[in-house]
Each structure stands twice: as structure tokens, then as C-alpha cells.
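These figures come from a predicted structure and were not determined experimentally. Each residue takes its place number in the sequence, starting with 1.
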Amino acid sequence: MTPLGVLDILLVAFIIYRAYSFTVRGTIAVNILLGLGVIYVLYFVVSNLHMPVLTKILGYFKDASLIIIIVVFSAKR
């Protein structure tokens, strides 16, 4: 790995950390994002293992995740 590659990774990690600390730290949104992350990982695992029923069920959750994110992070008035 080149020094520029290491710098690139460190900058991306810093940006993600700052975005996380400004938006979701200490809120219920962290749990929701972690849950959605687990669903995405499981979806790709079961789809690669050719498990059609679980792929279909987790696919529905994956498809609804955009709506879930919009609702969770919408401004409360």
C-alpha cells in the first residue's frame, strides 16, 4: 500500500467519523443504521449462497430501507 493510499483511507475514515458524530451519535438512529447494515450483509450472503426464500424476504427489507432512512432522519417540526 502506498502512502497516498493510506492517506486516502485515513481521510475517508475521518470524514465518516465526523459525519457520524454530527448526525447520529447517541440517538436511536444508530441502532436503525446498524440493523439496516446487518440486513444488507445478510442479504448479500444469502443471495450468494443461492437461498431464494431468504433472499426474497431480506430483499423486501432492503428495498424499504430508503424509506426507513428518510423517515428516521426527517426533520421533526
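- Interatomic distance, CD1 of I15 versus CG of L10, reported as 11.0 Å (0.5 Å rounding).
- Sequence neighbours left out, the pairs with a member in residues 40-58 that pass side-chain hydrogen bond (donor to acceptor under 3.5 Å, both in side chains) are Y40-S65.
- Linking Ile, Leu, Val, Met, Phe, Trp and Tyr residues whenever their side-chain heavy atoms come within less than 4.5 Å leaves I39 and Y60 in two separate clusters.
- In this structure, the separation between CE on M51 and CG on L42 is 10.5 Å, given to the nearest 0.5 Å.
- Looking at residues two or more places apart in sequence or on another chain, you find a side-chain contact (heavy atoms from CB on, under 4.5 Å) between V53 and I57.
- Residues that satisfy the side-chain contact (heavy atoms from CB on, under 4.5 Å) test with V45, not counting sequence neighbours, are V41, L49.
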